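Given the structure is predicted, the values throughout are model-derived calculations rather than measurements.
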Amino acid sequence: MTELTILMPCLDEAETLATCIGKAKRFLIEADVDGEVLIADNGSTDGSVQIAEDNGAKVVHVADRGYGAAILGGIDAAEGRYIIMGDADDSYDFSALLPFLMELRAGAQLVMGNRFKGGIEPGAMPFLHRYVGNPVLSFVGRLFFGSKLGDFHCGLRGFNRDAIQSLRLVCPGMEFASEMVVKATLASLDIREVLTTLRPDGRTRAPHLNTWRDGWRHLRFLVMFSPRWMFLYPGALMLMLGLAFSAILALTPVGIGAVVFDIQTLLYTSAMTIIGLQMLSLALIVRLIGNRTGYLPDSMALDTAMRWITVERGLIIGLLLTVAGAIWTVNAVLQWSDVDFSELNPRIAMRSTIPAATLVIIGVQTIVHALLLGAIDTLGVTRQRAPGV
């Protein structure tokens, strides 16, 4: 079996492709590695394919557009046990791949380059990328997923082909770089870093990477890939605070010095309760959809939650909450009838009607979300079983 595939995604890289291939082939010869240079072409129209073939590289044509799609197509076509991937713009030195290969041979399943420790030459990385984009995204990755990496988005990385394929990577765009690291981290793969130097690329055209669009796609992926931070933690906090303050204010106003919290505050704490519960439900829904579509890995916590949060339990709890709110509402109407449906003191009436309406809302919300979770879970099981039918 071929030991190493040096993989380069390519979209109109005629200016630098031959140089990159030459360095990669020189590395294979000088390091005495049984390997191949593979170009995953993503629809080049500038002669890149011919350049690759003329310089002895293997070419695979990837019809689906996007950085991630090109890499995935290259991984499928690679013959190497290990793959080292990097951009074909001559910003990385393909003749200096030995540290990556040594770590892979030593058992690492993903080896990331670290440009910030290895060196970034003047003009190699835009100011916003160097001092804002990459540091912020790397911090988010470490915070949300417990990653130890100092450079979350280095384009030069090596990996064990079988280990990475087991992650079921699916993102077609630039966020593929984040997906690989996040899923590898969550799957507890052996991830290591080596020092890498980034230098100015050799192209005269503008880079494919768009600072704001692709930066947002990376951040969106990281946030949506971690429903705990997006929905679960803030939702749980809002729900607890909303319930606690609503329970107190439903009984009596609360004064702190000259400030009095009354029915106006009760209205907002009730809204906080509703929003908190909705965010908790969304955390579970996003987690389940992500798992069923392959974006998120399997989770014992999710499996446990889905065994407990059945459609039937959700319907029963939702119905009980709705009925409780309806009964409370009827009681408020009876109190109104005692004064012949004339004007009520709002400080008394709203202290009853706001909690009643809140119970009805969260009850109906629970029923709807229980049905939605059941539908998602059923559709997911059906899709997974379909190929075996």
Heavy atoms, side chains only, cut-off 4.5 Å: are [X] and [Y] in contact?
{"X": "I6", "Y": "L38", "result": "no"}
{"X": "F94", "Y": "L156", "result": "yes"}
{"X": "V182", "Y": "F152", "result": "yes"}
{"X": "I191", "Y": "K148", "result": "no"}
{"X": "Y67", "Y": "D87", "result": "yes"}
{"X": "L167", "Y": "I164", "result": "yes"}
{"X": "N55", "Y": "K25", "result": "no"}
{"X": "T273", "Y": "T269", "result": "no"}

Atom [atom1] in [X], atom [atom2] in [Y]: separation rounded to 0.5 Å?
{"X": "T322", "Y": "L315", "atom1": "OG1", "atom2": "CG", "value": "10.5 Å"}
{"X": "I275", "Y": "L277", "atom1": "CD1", "atom2": "CG", "value": "11.0 Å"}
{"X": "I71", "Y": "M8", "atom1": "CD1", "atom2": "CE", "value": "11.0 Å"}
{"X": "D12", "Y": "D46", "atom1": "CG", "atom2": "CG", "value": "4.0 Å"}
{"X": "M350", "Y": "L266", "atom1": "CE", "atom2": "CG", "value": "8.0 Å"}
{"X": "R351", "Y": "T252", "atom1": "CZ", "atom2": "OG1", "value": "6.0 Å"}

Task: Residue pairs fulfilling side-chain hydrogen bond (donor to acceptor under 3.5 Å, both in side chains) with at least one residue in residues 187-198, sequence neighbours excluded - done: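 For residues 187-198: E103-R192, N114-E193, D190-R192.
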Are more than 12 heavy atoms, taken from residues, nucleotides or ligands other than [X], located less than 6.0 Å from that residue's [atom1] atom?
{"X": "Y268", "atom1": "OH", "answer": "no"}
{"X": "R81", "atom1": "CZ", "answer": "no"}
{"X": "D32", "atom1": "CG", "answer": "no"}
{"X": "R347", "atom1": "CZ", "answer": "no"}
{"X": "F245", "atom1": "CZ", "answer": "no"}
{"X": "D64", "atom1": "CG", "answer": "no"}

Of all the heavy-atom pairs spanning [X] and [Y], show the shortest one and how long it is.
{"X": "L169", "Y": "M180", "value": "CD2-CA, 4.0 Å"}
{"X": "I263", "Y": "I354", "value": "O-CD1, 3.8 Å"}
{"X": "E179", "Y": "C171", "value": "OE1-N, 2.9 Å"}
{"X": "Q365", "Y": "Q278", "value": "NE2-N, 3.1 Å"}
{"X": "L110", "Y": "A184", "value": "CD2-CB, 3.8 Å"}
{"X": "A70", "Y": "P9", "value": "CB-CB, 4.0 Å"}

TODO: Apply the side chain to side chain contact (heavy atoms under 4.5 Å, CB included) test between C10 and each candidate in N42, V49, I39; give the one that qualifies.
DONE: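 Answer to the side chain to side chain contact (heavy atoms under 4.5 Å, CB included) test with C10 among N42, V49, I39: I39.
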- [ ] Among I316, L321, L319, find the one that has a side chain to side chain contact (heavy atoms under 4.5 Å, CB included) with T366.
- [x]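 Passing option: L321.
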Just by modelled atom types, is the [Y] backbone N or O under 3.5 Å from a matching donor or acceptor in the [X] side chain?
{"X": "W336", "Y": "S342", "value": "yes"}
{"X": "T2", "Y": "G35", "value": "no"}
{"X": "S138", "Y": "P135", "value": "no"}

- [ ] Test side-chain contact (heavy atoms from CB on, under 4.5 Å) on D76 and Q165 and set out the steps.
- [x] CA-CA 9 Å; D76 289 340; Q165 283 189 314; 3.3 Å; yes
- [ ] Would you sort out whether F176 and L72 count as a side-chain contact (heavy atoms from CB on, under 4.5 Å), showing the intermediate values?
- [x] CA-CA 9 Å; F176 173 87; L72 288 170; 3.6 Å; yes
TODO: Apply side-chain contact (heavy atoms from CB on, under 4.5 Å) to the pair L280 and L232, showing each step before the final yes or no.
DONE: CA-CA 5 Å; L280 287 178; L232 182 61; 3.5 Å; yes
Open item on the list: Between Y92 and L198, does the side-chain contact (heavy atoms from CB on, under 4.5 Å) criterion hold? Intermediate values first, please.
Closed with: CA-CA 6 Å; Y92 296 109; L198 182 71; 3.7 Å; yes
- [ ] Consider only side-chain heavy atoms of I, L, V, M, F, W and Y, link residues closer than 4.5 Å, and tell whether M279 and L241 are in one cluster.
- [x]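 Per the 4.5 Å side-chain linkage, M279 and L241 are co-clustered.
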TODO: Taking only Lys NZ, Arg NE, NH1 and NH2, and the carboxylate oxygens of Asp or Glu, determine whether R199 and D93 approach each other closer than 4.0 Å.
DONE: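 The answer is no: the pair does not qualify as a salt bridge.
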